[in-house]
Amino acid sequence: MPELPEVETVRSTLYNLILNRKIESIDVYYIKIIKDINVTEFIKRLVGKSIKDIKRYGKYLIFILDDVALISHLRMEGKYFIKEQSEVINKHEHIIFNFTDGSSLRYHDVRKFGTMDLRDLDKIYTTNPLLKLGLEPFDKLMTVKYLKSKLQKKEVAIKTCLLDQTIFTGLGNIYVDEVLFLSRLNPQLKASKLKDKDYQNIIKNAIEVLNKAIALGGTTIRSYTSSLGVTGLFQNELNVHTKKGEPCVICNTLIEKTRVNGRGTYYCPNCQK
DNA sequence: GTGACCACCTGGCCGC
DNA sequence: TGCGGCCAGGTGGTCA
């Protein structure tokens with residue numbers, strides 16, 4: 001599924017491909033992707049506008065148009081494709097932005113979980129969905145002090161906390177497993193039990209894992225396959241996620257799979273006690 | 001305020 | 001071969 005590295009890969013690819021293209025028309029085939037605004041208004045606000053910039057915060061893509069921002073979350077299987085308008089519409093392409101040059105940007109989502117919000121440019125970060133987000137690991141304000149303030153009273157598993165986007169933005173199930181492995185922390189350990197050194201390790205390893213994943217174009221496993229012709233390579237660098245029954249790269253103990261808060265969770269029972 | 005649980009969705013996989 | 005059930009999982013909503 002798209003996490004921060006995959007979304008960043010999509011962002012940078014789209015940036016190079018569709019900047020300054022002008023929207024001529026929009027076809028909406030599944031309206032529930034559009035939030036907080038009706039389809040007519042959604043189309044009205046975007047048609048005639050040009051894409052001036054494409055940003056990212058956490059797992060959200062932010063298309064900056066002339067006077068409005070389109071905030072897109074890919075959720076589980078959302079993808080963007082650029083095709084000629086004459087090409088056949090795939091049954092999973094739910095929203096199509098047709099540009100004046102004859103090309104189109106197509107939002108493809110097999111499971112229809114993705115969302116799109118429109119916001120005024122001066123309200124992008126001061127309204128939801130972005131308002132409630134916590135800090136990315138790259139943020140200067142992401143410190144031991146910040147993380148401790150958020151986690152020291154939490155009586156839930158550390159994995160659950162790291163998946164909480166209001167605390168730690170950008171990590172999803174894959175990368176949380178990897179960060180906890182590198183930090184030698186059991187995913188089921190209560191967050192309140194962590195020490196300063198653990199917070200420091202989590203931040204350091206999150207930055208390391210995400211930077212490496214971004215450099216490799218993200219992770220391509222199971223449901224998250226190539227988007228825009230870009231296929232990530234970080235799956236080759238995974239230590240524990242999807243490695244059930246395989247030997248740990250450090251101690252050779254077999255990787256186990258369990259569930260934490262309903263999420264499939266992979267860990268080394270020896271390294272992550 | 002916190003934590004647990006469910007709904008949203010569809011394709012793939014497995015057992016019968 | 002066909003069918004039913006389960007699983008995958010990010011986020012928002014609801015409830016205790």
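Both backbone and side-chain heavy atoms feed into the values below; hydrogens, waters and symmetry mates do not. Just so we're on the same page: letters track the sequence lines, and every chain starts at 1.
For A:Asp177 and C:dG9, the CG to P distance is 9 Å, given to the nearest whole Å. In this structure, the CD atom of A:Glu77 is 14 Å from the P atom of C:dA8, given to the nearest Å. The distance between atom CZ of A:Arg111 and atom P of B:dA7, rounded to the nearest whole Å, is 16 Å. What separates CG of A:Asp109 from C1' of B:dG11 is a distance of 13 Å, to the nearest Å. Rounded to an integer number of Å, the gap from CG of A:Leu74 to P of C:dG10 is 13 Å. Taking atom NE2 of residue A:His94 and atom C1' of nucleotide B:dT10, one finds them 9 Å apart after rounding to whole Å. Note: CZ (A:Phe113) to C1' (B:dA7) measures 8 Å, nearest angstrom. Rounded to whole Å, atom P of C:dG9 lies 12 Å from atom CG of A:Asn261.
If you check every strand for non-hydrogen atoms under 4.0 Å, A:Gly262 touches nothing. Residue A:Lys257 is in sugar-phosphate contact alone, with no base atom involved, counting any heavy-atom pair closer than 4.0 Å across all strands shown.
Taking 4.0 Å as the cut-off between side-chain N and carboxylate O, A:Lys244 and A:Glu256 do not count as a salt-bridged pair. The pair A:Lys150-A:Asp164 does not meet the salt-bridge criterion, since no charged nitrogen lies less than 4.0 angstrom from a carboxylate oxygen. Comment: A:Asp120 engages A:Arg45 in a salt bridge, judged by a side-chain N to carboxylate O separation of less than 4.0 angstrom. Between A:Glu136 and A:Arg56 there is a salt bridge, with a side-chain nitrogen of the basic residue lying less than 4.0 Å from a carboxylate oxygen of the acidic one. By the 4.0 Å N-to-carboxylate-O rule, A:Asp101 lies close enough to A:Arg21 to be salt-bridged with it.
Between A:Arg259 and C:dG9 there is no side-chain N or O to OP1 or OP2 distance below 4.0 Å.
In this structure, the side chain to side chain contact (heavy atoms under 4.5 Å, CB included) partners of A:Asp117, at least two apart in sequence or on a different chain, are A:Lys35, A:Asp36, A:Ile71, A:Thr115, A:Arg119, A:Pro129. When the side chain to side chain contact (heavy atoms under 4.5 Å, CB included) test is applied to A:Gln188, the partners found at least two apart in sequence or on another chain are A:Asn186, A:Thr258, A:Val260. Contacts of A:Gln152 classified as side chain to side chain donor-acceptor pair (under 3.5 Å), with partners at least two apart in sequence or in another chain: none.
For the contact set between residues 150-158 of chain A and DNA chain C, defined by any heavy atom under 4.0 Å, there are no members.
Sorted pairs that involve residues 257-273 of chain A and meet salt bridge (Lys or Arg N to Asp or Glu O under 4.0 Å), not counting sequence neighbours, are lacking altogether.
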Problem - Under 4.0 Å protein heavy-atom contact, by nucleotide of nucleotides 11-16 of chain C - B base, S sugar-phosphate only - result: BS----

